[in-house]
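Notes follow the structure.
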Amino acid sequence: MRVIYQVLEKQITNALGKAFPEAKESQGSLNPHLMRATKPEFGDFQINGALALAKVIKKTPRKIAEDIIKELQKNSEFQKLCLPPEIAGPGFINISIREDCLTSEIQKRYRDKQLAVPLVKPNNDKKELEPIIVDFSSPNIAKEMHVGHLRSTIIGDSIARILEFRGHPVLRLNHVGDWGTQFGMLIAHLKSVAPKTLTTANAVDIGDLVTFYRQAKRCFDEDEDFQAASRDEVVKLQKGDPKTLKAWSLLCNQSRKEFQKIYDLLDIQLEERGESFYNPLLKKVVDDLAKSGLLITDNGAKCIFLEGFIGKDGKPMPIIIQKTDGGYNYATTDLAAIRYRLNPKPEGDGACRVIYITDAGQANHFAGVFQIAKEANWIPEHCRIEHVPFGLVQGEDGKKLKTRSGETVRLKDLLDEAIHRAKQDLIRRLREETRKESDDFIEHVSKTVGIAAVKYADLSQNRTTNYQFSFNRMLSLQGNTAPYLLYALVRIAGISRKGGDLDSEANDIEFSENQEWNLIRELLKFDEIVIEVEEELLPNRLCNYLFELCQVFNRFYDQIPVLKAKEPSKSSRLVLCRLTAETLKLGLNLLGIQTLERM
RNA sequence: GCUCCGUUAGCUCAGCUGGAUAGAGCAACUGCCUUCUAAGCAGUGGGUCUCAGGUUCGAAUCCUGAACGGAGCGCCA
């Protein structure tokens, strides 16, 4: 209905101009404030503009609304599209779209792969679309992925999918932590305790690596000599010492294999481009910042002091660009990354929008880095860089999610448990219903449902707030959960199995029942929702929509017979079933969730 | 201490950027299966939108202040 909305908005703006020529000068007052009706009783859209206009024109809002309607009704195009508008409450205008228009919208959408969501096109002055970068997941080498990576990975993937679906070239970048002090620590430690791991492939497995890392961290915190040795290793690494580089690449490979298992399980594509990639560019970042006069040396470190950044002691807090020992910090890497990503090809990625999916705790860091990039003039006029923050994953006690023994939850364990619980649930149901299914079926359904539940639970929440993780809730068969949505699709597949032709023609469709119109109106909202999510980067809006669509469909399914209806109702209803299935499948796909025919 | 974020039903959360009587889901209670999968549907009860001011035709939404909770804050990322 996005197109209808746009047409209406234009018509109403025109009508306003004609009805109130005297209001034209005062800016903004001719905005119709057209929006989707807040309740079904109010029709499809409502105009709120009459209320705001009352201030400018000295008439009551209801009188103004009357004049707007009079003007609108002179327009035959408007009349073709809408029923006569009604004035309600203090001066709202309620607008209902004519049923034949709704029907023809359904026909247009039927068998349209994009389901009426338009593809983006390049600007007039450019031949090609510029890529959008989604920077997400970003685990650290030599550590296992843990629950802290869950949200970034899931949310980032969904946002990338939505942008891709709109037609944007998307670079899904995995900015893995493969550089810096942690590596110094690890290599320095391994040199003394397990030197073989630094020269031989596959000499250490990821579990041991994690243990070594912990030991190294402890040494680093307690032993000053070890600190110095670690920093030495970092400097060697950054200077490209061949032995250190070899050791480094062995460690990275080991971790990479482990990450890939998780990404495969989650069905997520990512292009690895770690921090190390930007190493050759760091020196120029420092040099250019120095040239621009932003850099100040403080206690031997090269820093930038920004307005509004104040530390614990109340003194201005620096952002450190180069440490006293010559090493670089993550701010430096992030600055180098911004430059590279926004630089035109082939020197850079030529991106027009860069999206960082990280926890909200890094908001200050990004605010600082973005401000430096802006002051250094590294962000072209037409480009956007955005930090997309999300809240903490908490346990059911409201505290940061931990295992019973108080350790960080490994992502692999968490996903396995979701799948395991989905499986137990499925087996119990099969027993209760005395159904028999193959082992393959059980494995496939449990995996799909388990992963879907984890993803959907995360995505369906407004990402900015903390999120309370609960297996029981996310796997529940009722309510706003993945299993509920998947079940709606299974019901439609059931209709098809029982002989419903979900591939019939939509030429002669006809509707009469309330529940049909409710479903039609819900289906037609899809395009607006996708575009809104693309702009706001809030996938929970899409989840919310899909949940509502399922509720409307289930009401329809409960109250309206499909297979037993006479023609043309039967075919018309089958068209609605198919369109519902496609909308759900596509919607879930944009969330990175796979669907099922039976469950 | 400073900065950022949050506070909506017993619980978990929406609330589309200022609109009509604040909405879902869980939990509780009442109905509905010889019927396309009841993993569903229909219904009932449940609210000082943390508090106090302000802005205006109109505030959960915007501004100021307070309380409570969370996160971050100099050479880790």
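Quick note on labels: first sequence line is chain A, next is B, and so on, each numbered from 1. Keep in mind that what you see is a predicted model, and the values were worked out from it rather than measured.
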(request) Would you check if there is a donor-acceptor pair between the side chains of A:Q227 and A:D225 at a distance under 3.5 Å? (result)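 A:D225 vs A:Q227: no donor-acceptor pair found between side chains.
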(message) Classify A:I560 by what it touches in the nucleic acid, base, sugar-phosphate, or nothing, heavy-atom distance under 4.0 Å.
(response)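 It contacts base atoms.
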(message) Whether the side chain of A:Q46 and the base of B:A20 hold a donor-acceptor pair under 3.5 Å is what I'd like checked.
(response)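 Answer is yes: a donor-acceptor pair is held.
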(message) Looking at the base of B:C75, is there any donor atom on it, or on the side chain of A:T324, that sits under 3.5 Å from an acceptor on the other one?
(response)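 Donor-acceptor pair under 3.5 Å: yes.
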Which nucleotide in the list [options] gets nearest to the side chain of [X]?
X	options	result
A:T181	B:A77, B:C41, B:G72	B:A77
A:N94	B:G74, B:G23, B:A20	B:A20
A:E536	B:C36, B:U17, B:A77	B:U17
A:Y484	B:C4, B:C13, B:C41	B:C41
A:N554	B:G40, B:G15, B:C2	B:G40

(message) Would A:Y557 count as stacking on B:G40 if stacking means ring centres less than 5.5 angstrom apart and planes tilted under 30 degrees?
(response)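 Check failed, A:Y557 does not stack on base of B:G40.
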(request) Kindly confirm whether the side-chain ring of A:F547 is stacked on the base of B:A24, judged by centres under 5.5 Å and planes under 30°. (result)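 So A:F547 does not count as stacking on the base.
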(message) Are there runs of at least three consecutive Watson-Crick or G-U pairs touching RNA chain B, with each pair's two distances under 3.5 angstrom? Give them by first number.
(response)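 Stems (3+ consecutive pairs) listed as B:1-7 with B:67-73, B:10-13 with B:23-26, B:28-32 with B:40-44, B:50-54 with B:62-66.
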(message) Distance check needed: B:C13 P versus A:L538 CG, whole Å only.
(response)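 In whole Å, B:C13 P and A:L538 CG are 16 Å from each other.
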(request) For B:G23 and B:A77, measure between their C1' atoms and round to the nearest Å. (result)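 After rounding to an integer number of Å, I get 41 Å for this pair.
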(message) Using the C1' atom as the point on both nucleotides, what is the distance between B:G47 and B:U21, in whole Å?
(response)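 Approximately 13 Å lies between the C1' atom of B:U21 and that of B:G47.
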